[in-house]
Amino acid sequence: MSETKSYQAKPRAIRPMRGRGMPVPKGSIKKGTLKRLLKMTFKYYKWQLILVFVCIALSSVGSLVSSVYMQQLVDGVITPAMEEAGFTSVLQQRLVGLIMMMVAVYAIVIIASFVHTRLMATVTQGMLYRLRTEMFAKMQTLPIKYFDTHAHGEIMSAYTNDTDATRQLIGHSLPNLFSSSLTLITTVALMLSYSFWLSLVVGVGTLAMTFVVKKIGGNSAKYMVAQQTSLAQEEGFVEEMMKGQKVVKVFTHEEKAKEEFNAYNERLFKDSERAHIFGNILGPILGNIGNLNYVLLSITGGLLFALNATNYGFSNLFTGGGLLGIGVIVAFLGMSRNFTQIVNQMSQQISMIAMGLAGASRVFTLMDEESEKDGGYVTLVNAKEDENGELSETAERTGVWAWKHYHKADGTTTYTKLQGAIVMDMVDFSYVPEKQVLSDVSLYAKPGQKIAFVGATGAGKTTVTNLINRFYDIEDGKIRYDGININKIKKSDLRRSLGIVLQDTNLFTGTIMENIRYGRLDATDEECIEAAKLANADDFICRLPDGYQTMLTNNGANLSQGQRQLLSIARAAVADAPAMILDEATSSIDTRTEALVQDGMDKLMHGRTVFVIAHRLSTVRNSDAIMVLDHGKIIERGTHEQLIEQKGTYYQLYTGAFELE
């Protein structure tokens, strides 16, 4: 086992324990999330959105025509017809004109609604595509530390739940809010143009609605945000349990797992319940306030009409007012009903907008994570040597590698042959400030040497290789690769020079051939097969029904652990890197398979600088140097024979007096 497990525990925000209450998650929305989302949307879909807003405006204004139509119908047609005891030709023409106007307006509304809906589908799905693309591209730039300290299920939630909430925000909530706001403004303007007195009655109801929306809608929004956080944490726990299901079964941890899941689920239930309770009661309360306002408006209008009160509105403000007509009262009642519905719709969007902004905020949080820093400028290139030993860069794969070093001071470029000489000089390192992992570590590996690290879990073995790869950067000291400080080497080129076989094998969905080729994407089928033969994987691959075209899924679950490890070794072999790191590379291979693969491993390591981490001391006997680590320090070093003669820690480990933990 590598000691990385001791520091790579993925911290979930809350770990439920028996007998302990669970705190309420603190969901939050990053400042400027809405502005950023709108700016991004306008960047890619400017003209589509402008056309959408025009269509929404037409639909919103068109929805009010019915109220105007009723006023015109009552005051301009029905009332005169009643007074004149029948429809005259003038009234008939006026009625036909009103009907034709309504048909034209609603036709425009239908067309505008269709165009708006069609365009928003393109904008919404296009934005989701771009968000996921940018998130994944960003994720590839993040340091290993990010994935060591964030639950994978929570990261996945950003791609699923949070992007879906963002989709609802872009596709429904914001357009509906814009439409409702525009309709509301137009309605208020129309009311004021008809009657100040009746508008005042509607204003009283509006104050009551505003108070209710602020109190109840605010709570709904708060718990919608909390719901997004709880959902992400629950998914993180589920992902962890799925990955470790075998361990759960082996140690009969089912009841405890259910207990912990129930704690997460209970919190998600509480947050969702509160969010939807507040959200669901908001509509009926606003509806009843609207009904009361409707009754009050009817009574007020009736009294004003009965008393022949003077009516004032913008339309007759400068003409001294006039009598309040039945048509105005009827139109006002329709607008009041419409006003209540609009306020209700807007209030319903509050919680959805909050949830959408919470989702967008989590998406932007991932996109804003600090990328892996790389100040390197020395690159790795294919090279060729002339008869004088001078190196020059070439596009061909020659098997000779060189470090291309541009010297800014004098503008010259030099080439240093990659030989695999690695030196660590007084290196200090810690993952967290409180715990020193490596202290004053110094070692060297000459080109072609095999250096082995042994020691108990947590001693610092895997950390050394993580630092050579620059998965993490050292706090003090120097690491030099062929005499070049690795901080000056571009990380991608540094890692390209190092083939790695990890203890935990990762196979991807695809064929065996594709998984081997993952080591070098331009490798031919023949090169992949040769690499498999080198790792002694060819024999079991050929016995599979589809051979190298056998599909692997779920991290190669249809293969044994040893077979998966052999494929990992074959992948490293096809990479043909000048240096190798083998982190417990044979830990999952039985003794018989180990004997078969050892010869292939020796061929793979031939001529390369190799760092080996192993618990099985029989695999490191032929190392050029063995480093014994304890609590982050090298306490012994030498060949197998030299360390046996010293009869120190290595001797006791080898003879069984001590056991590796």
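Sequence positions, counted from 1, serve as the residue numbers for this chain.
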Looking at [X] and [Y], does any basic side-chain N land under 4.0 Å from a carboxylate oxygen?
| X | Y | result |
| --- | --- | --- |
| Arg167 | Asp164 | yes |
| Lys491 | Asp374 | no |
| Lys138 | Glu369 | no |
| Asp368 | Arg36 | yes |

Any chance [atom1] of [X] has more than 12 other-residue heavy atoms, nucleotides or ligands included, within less than 6.0 Å?
| X | atom1 | value |
| --- | --- | --- |
| Phe136 | CZ | no |
| Glu370 | CD | no |
| Tyr129 | OH | no |

Looking at [atom1] of [X] and [atom2] of [Y], how far apart are the two atoms once the value is rounded to the nearest 0.5 Å?
| X | Y | atom1 | atom2 | result |
| --- | --- | --- | --- | --- |
| Leu128 | Met135 | CG | CE | 9.0 Å |
| Leu182 | Phe53 | CG | CZ | 11.0 Å |
| Thr160 | Arg132 | OG1 | CZ | 8.5 Å |
| Glu372 | Phe471 | CD | CZ | 8.5 Å |
| Leu357 | Leu169 | CG | CG | 5.0 Å |
| Phe42 | Leu49 | CZ | CG | 5.0 Å |

Grab the two heavy atoms, one from [X] and one from [Y], that are nearest each other, plus how far apart they are.
| X | Y | value |
| --- | --- | --- |
| Val238 | Phe261 | CG2-CE1, 3.6 Å |
| Ala112 | Cys55 | O-CB, 3.4 Å |
| Ala360 | Thr33 | CB-CG2, 3.7 Å |
| Phe178 | Ile56 | CD2-CG2, 3.4 Å |
| Leu131 | Phe364 | CD2-CE2, 4.2 Å |
| Ile353 | Ser173 | CG1-CB, 3.7 Å |

Quiz item: Any donor and acceptor pair, going by atom type alone, linking the side chain of Gln227 with main-chain N or O of Leu268 inside 3.5 Å?
Solution: no

Practice problem: Using modelled atom types only, decide if a donor and an acceptor are shared between the side chain of Ser179 and the backbone of Pro175 within a distance under 3.5 Å. | Solution: no

Practice problem: Describe, in one word, how the ring planes of Tyr431 and Tyr472 are oriented to each other, choosing from parallel (under 30°), tilted (30 to 60°) and perpendicular (over 60°). | Solution: perpendicular

Given side chains that start at C-beta, do those of [X] and [Y] come closer than 4.5 Å, heavy atoms only?
| X | Y | result |
| --- | --- | --- |
| Leu38 | Leu174 | yes |
| Tyr159 | Met139 | yes |
| Arg362 | Asn161 | no |

Self-check item: Residue pairs passing the side chain to side chain donor-acceptor pair (under 3.5 Å) test where at least one lies in residues 40-49, sequence neighbours excluded
Solution: Tyr44-Glu134

